[in-house]
Amino acid sequence: MPTSDEILAEMKRLHPQLIDLSLGRIERLLEKLGNPHKKLPPVIHIAGTNGKGSTTAFLKAMLEAAGLRVHVYTSPHLVRFHERISLADVDGRSRPISEPNLVDLLTRVQRVNAGESITFFEITTAAAFLAFSEVPADVVLLEVGLGGRLDATNVVSHPALTIITPIALDHSDKLGDTLAEIAREKAGILKRGVPAIISQQEDEALDVIRQRALDVGAPVVAWGYHFDAYEQRGRLVFQQENILLDLPKPSLIGRHQIINAGTTVAAALQLRQFPLNEHVIGRGLAEAEWPARMQRLKHGALSDLLSSGSELWLDGGHNPACAIAIAQTLADLEERSSSPLYLVVGMMGQKDAAGFLGPFSGLAKSIVTVPIPGAHESPYEPETLARIARDLGFKASAATDVPAAIRQIESEETTPKRILICGSLYLAGQVLALQQGVAQQLN
């Protein structure tokens, strides 16, 4: 019996392009599979540039707090591919798909596809739909892979709700060079008669989304127009028309998580078919977990390299808007507990490295750049990335890997310090694998 690693590696060879936005190939395969995407529980479809994962995590926690069974589809994975397909278990908790179940699904989908050209994301998304159609649940949280309009997840024709999280410049080679162009792609998930929760947006993006909603007849509930949320005295205050909720502060840290949390609360209140009252909404905010989003790493191989009193943090953010949010969070941490900040950075080569690093000016004492071995696209060479950092005025050097970078920082700074590893979700996955002492699944 082959392993999931072996099957996934074979699937990657089915189509020469990792990303080739189209719906025709997956529609063909889904029809051969009996159209499992048409046999799902109510679907909540989530698009956006930043905050999709956090919003999904908050909503999952709220739904489970209400006793509902939840399937979840996200991408990319961090350590194991299984993370992408989470299934509602018999105890009501959603967990990554098991290895035997994944192998069975991939084998069946591969056999039905019969070697026809299809992208890796499309064929694995078809496998997720098949899994979700065969395991009982009350709701499916479906995260867009890239864009929205031509994303493989957009074959779901009538979701229960759509959500668009904050839009920023990212994947411009695939989605467009302006916020308006990118927003047009994201707004492709809006459907006639399906309510759309729109998070905080730049005016350029919001104008496009609202016009698309008008064109297709999608009712809009938008941040700043129909609802708002803010932090007050260590709590989250949410306002919407005649509703005022005093809720726990989100478990995920950072001011940007207030936006994600507020968006999720608006979504929860829209889901009137589910028993999402103030109590379960609050529990969801307080209990949500989402790795590699300003995650403090403790008790593992990498954190064991630190001197006493030092902190190790991880964030997978990789675009300038993410960097602004991360930098603000670090500034807030510095205000509460002062400690010299060092960055360990690895990035994919098509990303805006200068735009990402710029917001850390005045915060980071130095930057150590690292490679991302096994990444699906070409990453920056560490020396190239270090040179970009130096051109921005940072003290920067390159290291052979993350452990070497931490040791280098430790040799330079013997007092308690704060180290953030950032720049890539693929790097974040490698870091979590190293910290846990397990092998990362690269497919």
Can I get a per-line list of side-chain donor-acceptor pairs under 3.5 Å for residues 241-249, giving both atom names and the distance, sequence neighbours left out?
{"unit_1": "Asp246", "atom_1": "OD1", "unit_2": "Arg235", "atom_2": "NE", "d": "3.1"}
{"unit_1": "Lys249", "atom_1": "NZ", "unit_2": "Glu231", "atom_2": "OE2", "d": "3.1"}

Atom pairs and distances, donor-acceptor, side-chain atoms in residues 263-270, under 3.5 Å, two or more places apart:
{"unit_1": "Thr263", "atom_1": "OG1", "unit_2": "Ser199", "atom_2": "OG", "d": "2.7"}
{"unit_1": "Thr263", "atom_1": "OG1", "unit_2": "Ile259", "atom_2": "O", "d": "2.8"}
{"unit_1": "Thr264", "atom_1": "OG1", "unit_2": "Asn260", "atom_2": "O", "d": "2.7"}

Listing, residues 319-334 side-chain donor-acceptor contacts under 3.5 Å, not counting sequence neighbours, or none:
{"unit_1": "Asn319", "atom_1": "OD1", "unit_2": "Asn50", "atom_2": "ND2", "d": "3.4"}
{"unit_1": "Asn319", "atom_1": "OD1", "unit_2": "Ala321", "atom_2": "N", "d": "3.2"}
{"unit_1": "Asn319", "atom_1": "OD1", "unit_2": "Cys322", "atom_2": "N", "d": "2.8"}
{"unit_1": "Asn319", "atom_1": "ND2", "unit_2": "Asn50", "atom_2": "OD1", "d": "2.9"}
{"unit_1": "Asn319", "atom_1": "ND2", "unit_2": "Asp170", "atom_2": "OD2", "d": "3.2"}
{"unit_1": "Gln328", "atom_1": "NE2", "unit_2": "Asp332", "atom_2": "OD1", "d": "3.2"}
{"unit_1": "Thr329", "atom_1": "OG1", "unit_2": "Ala325", "atom_2": "O", "d": "3.0"}
{"unit_1": "Asp332", "atom_1": "OD1", "unit_2": "Arg255", "atom_2": "NH2", "d": "2.9"}
{"unit_1": "Asp332", "atom_1": "OD2", "unit_2": "Arg255", "atom_2": "NE", "d": "3.0"}
{"unit_1": "Glu334", "atom_1": "OE1", "unit_2": "Ser339", "atom_2": "N", "d": "2.9"}
{"unit_1": "Glu334", "atom_1": "OE2", "unit_2": "Ser338", "atom_2": "OG", "d": "2.6"}

Exercise answer: donor-acceptor pairs, residues 185-193 side-chain atoms, under 3.5 Å, sequence neighbours excluded:
{"unit_1": "Glu185", "atom_1": "OE1", "unit_2": "Arg149", "atom_2": "NE", "d": "3.3"}
{"unit_1": "Glu185", "atom_1": "OE2", "unit_2": "Arg149", "atom_2": "NE", "d": "3.2"}
{"unit_1": "Glu185", "atom_1": "OE2", "unit_2": "Arg149", "atom_2": "NH2", "d": "3.1"}
{"unit_1": "Lys186", "atom_1": "NZ", "unit_2": "Gly48", "atom_2": "O", "d": "3.3"}
{"unit_1": "Lys191", "atom_1": "NZ", "unit_2": "Asn154", "atom_2": "OD1", "d": "2.7"}
{"unit_1": "Lys191", "atom_1": "NZ", "unit_2": "Ile189", "atom_2": "O", "d": "2.9"}
{"unit_1": "Arg192", "atom_1": "NE", "unit_2": "Val216", "atom_2": "O", "d": "3.4"}
{"unit_1": "Arg192", "atom_1": "NH1", "unit_2": "Val216", "atom_2": "O", "d": "3.3"}
{"unit_1": "Arg192", "atom_1": "NH2", "unit_2": "Val216", "atom_2": "O", "d": "3.4"}

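The line from CH2 of Trp223 to OG1 of Thr165 is 12.5 Å long, rounded to the nearest 0.5 Å. In this structure, the separation between CG on Asp5 and CD on Glu99 is 7.0 Å, given to the nearest 0.5 Å. The OG atom of Ser307 sits 11.0 Å away from atom CD1 of Ile406, with the distance rounded to the nearest 0.5 Å.
Using modelled atom types, no side-chain atom of Gln240 and backbone atom of Asp228 make a donor-acceptor pair closer than 3.5 Å. Distance alone, capped at 3.5 Å, places no donor-acceptor pair between the Thr162 side chain and the His45 backbone. A donor-acceptor contact shorter than 3.5 Å is absent between the side chain of Glu412 and the backbone of Ile409. Here the side chain of Tyr380 pairs no donor or acceptor atom with the backbone of Val370 at under 3.5 angstrom. Distance alone, capped at 3.5 Å, places no donor-acceptor pair between the Glu413 side chain and the Lys365 backbone. In terms of modelled atom types and a separation under 3.5 Å, the side chain of Asp89 and the main chain of Gly92 share no donor-acceptor contact. Between the Arg212 side chain and the Ala218 main chain, no donor and acceptor come within less than 3.5 Å of each other. A donor-acceptor distance shorter than 3.5 angstrom exists from the side chain of His71 to the backbone of Val135, with no hydrogens or angles considered. A donor-acceptor pair under 3.5 Å is formed between the side chain of His77 and the backbone N or O of Gln441. A donor-acceptor contact shorter than 3.5 Å links the side chain of Thr56 to the backbone of Lys52.
Of the N and O atoms on the side chains of Ser54 and Gln257, at least one donor lies less than 3.5 Å from an acceptor on the other residue. There is a side-chain donor-acceptor pair under 3.5 Å between Ser303 and Gln435. In summary, the side chains of Glu122 and Thr119 do present a donor paired with an acceptor at a separation below 3.5 Å, with no hydrogens or angles considered.
A pairwise comparison of heavy atoms in Val280 and Ala65 identifies CG1-O, 3.6 Å as the closest pair. Across all non-hydrogen atoms, the minimal contact from Ser94 to Val72 is OG-CG2, 4.0 Å. Of all heavy-atom pairs between Glu289 and Ala57, the closest is O-CB, 3.6 Å. The heavy-atom pair separating Leu427 from Val345 by the smallest distance is CD2-C, 4.3 Å. Contact between Ala131 and Ile85 at its shortest, heavy atoms only, is CB-CG2, 4.3 Å. Residues Val368 and Ala399 share a closest heavy-atom pair of CG1-CB, 3.6 Å.
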> Step by step, would you call Leu68 with Met62 a side-chain contact (heavy atoms from CB on, under 4.5 Å)?
Replying inline: CA-CA 9 Å; Leu68 297 167; Met62 291 175 188; over 6 Å; no
> So Leu63 and Leu276, side-chain contact (heavy atoms from CB on, under 4.5 Å) or not? Walk me through it.
Replying inline: CA-CA 7 Å; Leu63 291 162; Leu276 298 178; 3.9 Å; yes
>> Under the criterion side-chain contact (heavy atoms from CB on, under 4.5 Å), I'd like the reasoning laid out for Phe58 against Leu285: C-alpha separation, chi angles, the key distance, then a yes or no.
In response: CA-CA 6 Å; Phe58 283 130; Leu285 291 176; 3.9 Å; yes
> Going through the distances and angles, do Asp215 and Gln211 end up as a side-chain hydrogen bond (donor to acceptor under 3.5 Å, both in side chains)?
Replying inline: CA-CA 6 Å; Asp215 291 344; Gln211 184 58 54; 2.9 Å; yes
>> Run Gln295 and Trp313 through side-chain contact (heavy atoms from CB on, under 4.5 Å) and show every step you take.
In response: CA-CA 6 Å; Gln295 179 184 0; Trp313 294 81; 6.0 Å; no
> Stepwise, does the side-chain hydrogen bond (donor to acceptor under 3.5 Å, both in side chains) test hold for Thr153 with Glu143?
Replying inline: CA-CA 8 Å; Thr153 62; Glu143 183 185 304; over 6 Å; no
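A 6.0 Å sphere centred on CD of Glu381 holds no more than 12 heavy atoms belonging to other residues, nucleotides or ligands. For Arg296, the CZ atom sits in a packed shell: over 12 heavy atoms of surrounding residues, nucleotides or ligands are nearer than 6.0 Å. No more than 12 heavy atoms of other residues, nucleotides or ligands sit less than 6.0 Å from atom CD of Glu335.
Ring geometry for Tyr73 against Phe129 counts as tilted: the plane angle lies between 30° and 60°, on a 0 to 90° scale.
Here Glu410 pairs with Lys417 in a salt bridge; the nearest charged N to carboxylate O distance falls below 4.0 Å. Under the 4.0 Å criterion applied to side-chain N and carboxylate O atoms, Arg69 and Asp91 are not assigned as salt-bridge partners.
Between Ile421 and Asp315 there is no side-chain heavy-atom pair separated by less than 4.5 Å. Put simply, the side chain of Lys395 does not reach to within 4.5 Å of the side chain of Ile367, judged on heavy atoms. Using a 4.5 Å cut-off on side-chain heavy atoms (C-beta onward), Asp151 and Phe121 make contact. Taking the side chain as every heavy atom from C-beta outward, Val431 and Leu302 approach each other to under 4.5 Å. Looking at heavy atoms from C-beta onward, Phe394 lies out of side-chain contact with Leu343 at the 4.5 angstrom threshold. Using a 4.5 Å cut-off on side-chain heavy atoms (C-beta onward), Ile182 and Val208 make no contact.
For residues 317-373, the pairs satisfying ring-ring contact (aromatic ring centres under 6.0 Å, His included) are Phe356-Phe360, with sequence neighbours left out.
Glu383 pairs by the side-chain hydrogen bond (donor to acceptor under 3.5 Å, both in side chains) definition with nothing, not counting sequence neighbours.
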